[in-house]
K.L.:
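The structure's right below; bear with me while I get my questions together.
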There are 2 protein chains.
Amino acid sequence: MVGRSKAGESASTAELRFGEFLQLTTEAREFLANLFGPPQSLARQHVLRHDGDPPTHLYLLVEGWVSASLAVTSGKQQTVKIHLPGDVLGAPSLPVARAAEALTALTPVVVRSVSRADFMTAVARCPRFAVSVFLSAQKERLALMSTLALVGQTEGGSRIAGMLIDLYDRLTVLGRTEGGHMPLPLTQHQIGELVGLSPVHVNRKIREFEQAGLILRETRTVQLLDIDKLREMAGLTAHEYLRDPEWISLP
Amino acid sequence: MVGRSKAGESASTAELRFGEFLQLTTEAREFLANLFGPPQSLARQHVLRHDGDPPTHLYLLVEGWVSASLAVTSGKQQTVKIHLPGDVLGAPSLPVARAAEALTALTPVVVRSVSRADFMTAVARCPRFAVSVFLSAQKERLALMSTLALVGQTEGGSRIAGMLIDLYDRLTVLGRTEGGHMPLPLTQHQIGELVGLSPVHVNRKIREFEQAGLILRETRTVQLLDIDKLREMAGLTAHEYLRDPEWISLP
DNA sequence: CGGAGTTTTGAGGCTATTCAAAGGTCGTGG
DNA sequence: CCACGACCTTTGAATAGCCTCAAAACTCCG
């Protein structure tokens, strides 16, 4: 693992996602390594794709955070997903002529791109890949459904707790948390766009959390002091994802 | 078209969905006809699946309306999707051990079921089917993203307008609207669970809509009197879905 | 050190919620 | 066919949660 090359690391990012539900064969590893283009570095604030752009490419996020957001008339924006390393960006707009979501780098990022033609060809040619990306898409649906439930049915405190727990759990899988400690490179304004609250109200709630001893803020970082309490506030049932389920028989 | 058999009608329901993005081959038609089991009738209020149940099957909705909803602690519920004829029910829970969404018949319904094993085998064996269901899944993600944007960023009136327009457009594709007229077999409580408002507030807003001359209510039916105005209130950009895009090359 | 962006705080107002109760509608059983 | 009960809709009043506006304090980068 030590001294692995840049290309090697990128490949492992791809395997992280596409091997999530299915064991990867050596052949599939080979296949994945060549599907995505070379790593590209982009600065914070860079817009990978505006909404309305023709969705010609998908991106594999290798490093950094990216937001996917929708504009509503009245100038407001809803962030529908915070993408973390390993995520595939831009897939929801595959079946439409103009991209629905804007993709914006929240931190400096590294991505590898693939044309939608190449991506869909891979889906059609490689059953293992098809099953994998199909199940990933369903997982994303579940994530959106959970967020919708949170935003639609709970008050501010629960929403923010839910957002923190979601990011914490996902970062933990990536090995990027440590004793309740996690990176959080989001402004309070951005948190508001994520959970459907005004920046001012986000501030008051976060402040309450801190005074209640639930969290501790540092620069671009938070420490979750009472994860169980936060999880309970969010009030969502955690999902147990299946790996290599017996009911999938590949040809 | 006249005097078509029950089985024939069911098959056409399947083709409606799976031929949405791709032309169906005769072979694929054959394939689809045998994938789903026989039509089953279920009464209104019947729960096809509780949340927490093992998600052993998917369902093709042939006739009627079905809601997919998530429970949050505090006893509230968020309806994440109103399913109409042609929809596939239950797919989001494919990758998890216990179903996240409950599926409830809002009207008397007819469904055809398929085991998840058979469904996933079809994905793995038939590239055309894989591409089709993959794109359908992305379309569902877009729908959820739009709903989330509506619920997260707009006030009550816009949310209800958005819900009406969404259902109107989907029913129109199915040929079930006529001059602004559409079926609406939802209680105001259910509308509230859909858009994140209390039943009382839903009532007041709907009442306002009626007094403003935007809609006209009849039993289990609404007439949209000013569709353009409602669409503007919703404030979401409509998506242009692609059929048989040139960038999909099948083996 | 300057300036842009971010966080914090206060005040007032609006939207939506809860609770409670009355009035309707519909299906069902007598 | 009518009467009853369950559910749904409607209305009012009080309250809670959140928003907007505005300005001050702070942070970070150049």
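Sequence lines set the chain letters: A, B, ... in the order given, protein chains first and strands last, and positions in each chain run from 1.
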K.L.:
At 4.0 Å (heavy atoms only), tell me whether R44(B) reaches a base, stays on the sugar-phosphate, or touches nothing.
P.N.:
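Answer is nothing: R44(B) stays at 4.0 Å or more from every strand.
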
K.L.:
When you measure from the side-chain N and O atoms of R207(A) to the phosphate of dT9(C), is any distance below 4.0 Å, counting only OP1 and OP2?
P.N.:
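Result: yes.
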
K.L.:
Which nucleotide, dC18(D), dT17(C), dC26(C), lies nearest any side-chain atom of H201(B)?
P.N.:
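That would be dT17(C).
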
K.L.:
As a test of reading the structure: which of dC28(D), dT9(C), dT18(C) is closest to the side chain of R220(A), going by heavy atoms?
P.N.:
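Comparing dC28(D), dT9(C), dT18(C) against the side chain of R220(A), the answer is dC28(D).
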
K.L.:
dC7(D) P sits how many Å from H189(B) NE2, rounded?
P.N.:
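About 12 Å, once rounded to whole Å.
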
K.L.:
Take atom CD of E193(B) and atom C1' of dC8(D), then tell me their distance rounded to the nearest Å.
P.N.:
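Computing the E193(B):CD to dC8(D):C1' distance gives 14 Å.
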
K.L.:
Between atom CD in E155(B) and atom C1' in dG17(D), what is the gap in whole Å?
P.N.:
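It is 15 Å, rounded to the nearest whole Å.
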
K.L.:
Rounded to the nearest angstrom, tell me the gap between atom CG in L184(B) and atom P in dC8(D).
P.N.:
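Rounding to the nearest Å, CG of L184(B) and P of dC8(D) are 14 Å apart.
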
K.L.:
When you measure from the side-chain N and O atoms of R217(B) to the phosphate of dT10(D), is any distance below 4.0 Å, counting only OP1 and OP2?
P.N.:
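For dT10(D), OP1 or OP2 has a side-chain N or O of R217(B) closer than 4.0 Å.
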
K.L.:
Say you draw a straight line from CD of Q78(B) to OG of S69(B); how long is it, rounded to the nearest 0.5 Å?
P.N.:
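One finds 9.0 Å between CD of Q78(B) and OG of S69(B).
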
K.L.:
Using a cut-off of 4.0 Å on non-hydrogen atoms, how would the nucleic acid contact of T187(A) be classed: base, sugar-phosphate, or nothing?
P.N.:
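The answer is sugar-phosphate, as T187(A) gets under 4.0 Å only of primed atoms, P, OP1 or OP2.
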
K.L.:
If you count every heavy atom of other residues, nucleotides or ligands that lies below 6.0 Å from R217(A) atom CZ, does the total exceed 12?
P.N.:
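Yes - once you tally the heavy atoms of other residues, nucleotides and ligands closer than 6.0 Å, there are more than 12.
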
K.L.:
Can you tell me the distance, in whole Å, between the CD atom of Q211(A) and the C1' atom of dT8(C)?
P.N.:
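In whole Å, dT8(C) C1' and Q211(A) CD are 12 Å from each other.
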
K.L.:
Please round to the nearest 0.5 Å and tell me the distance separating atom CG of L167(A) and atom CE of M163(A).
P.N.:
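Result: 6.0 Å between the selected atoms.
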
K.L.:
Looking only at side-chain atoms of V200(A), point me to the closest of dC18(D), dT20(D), dG27(C).
P.N.:
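When the side chain of V200(A) is considered, dT20(D) is the closest of dC18(D), dT20(D), dG27(C).
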
K.L.:
Check this for me: H181(A), atom NE2, are more than 12 non-hydrogen atoms of other residues, nucleotides or ligands nearer than 6.0 Å?
P.N.:
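Yes - once you tally the heavy atoms of other residues, nucleotides and ligands closer than 6.0 Å, there are more than 12.
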
K.L.:
Return the 5'-most residue of the pair L186(B), L197(A) with respect to DNA chain D, ranking by each residue's nearest nucleotide.
P.N.:
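Final value for this comparison: L186(B).
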
K.L.:
In whole Å, what is the span from the CD atom of Q45(A) to the P atom of dC28(D)?
P.N.:
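It is 16 Å, rounded to the nearest whole Å.
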
K.L.:
Which of the following nucleotides, dC18(D), dT20(D), dT9(D), is nearest to the side chain of K76(A)?
P.N.:
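Nearest to the side-chain atoms of K76(A), counting from C-beta on, is dT20(D).
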
K.L.:
Can you tell me if the side-chain N/O atoms of Q190(A) get under 4.0 Å from OP1 or OP2 in dT6(C)?
P.N.:
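For dT6(C), OP1/OP2 do not have a side-chain N/O of Q190(A) under 4.0 Å.
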
K.L.:
For I206(A) and dT8(C), give me the distance from atom CD1 to atom C1', rounded to whole Å.
P.N.:
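To the nearest whole Å, that distance equals 12 Å.
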
K.L.:
Taking only side-chain N and O atoms of Q188(A), does any of them lie within less than 4.0 angstrom of OP1 or OP2 on dT8(C)?
P.N.:
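For dT8(C), OP1 or OP2 has a side-chain N or O of Q188(A) closer than 4.0 Å.
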
K.L.:
Once you round it to whole Å, what is the distance between P of dA14(D) and CZ of R204(B)?
P.N.:
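These atoms are roughly 13 Å apart.
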
K.L.:
Could you walk me through whether V195(A) and L150(A) pass the side chain to side chain contact (heavy atoms under 4.5 Å, CB included) check?
P.N.:
CA-CA 8 Å; V195(A) 299; L150(A) 218 52; over 6 Å; no

K.L.:
Distance check: side-chain N/O of N203(A) vs OP1/OP2 of dT8(C), anything under 4.0 Å?
P.N.:
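For dT8(C), OP1 or OP2 has a side-chain N or O of N203(A) closer than 4.0 Å.
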
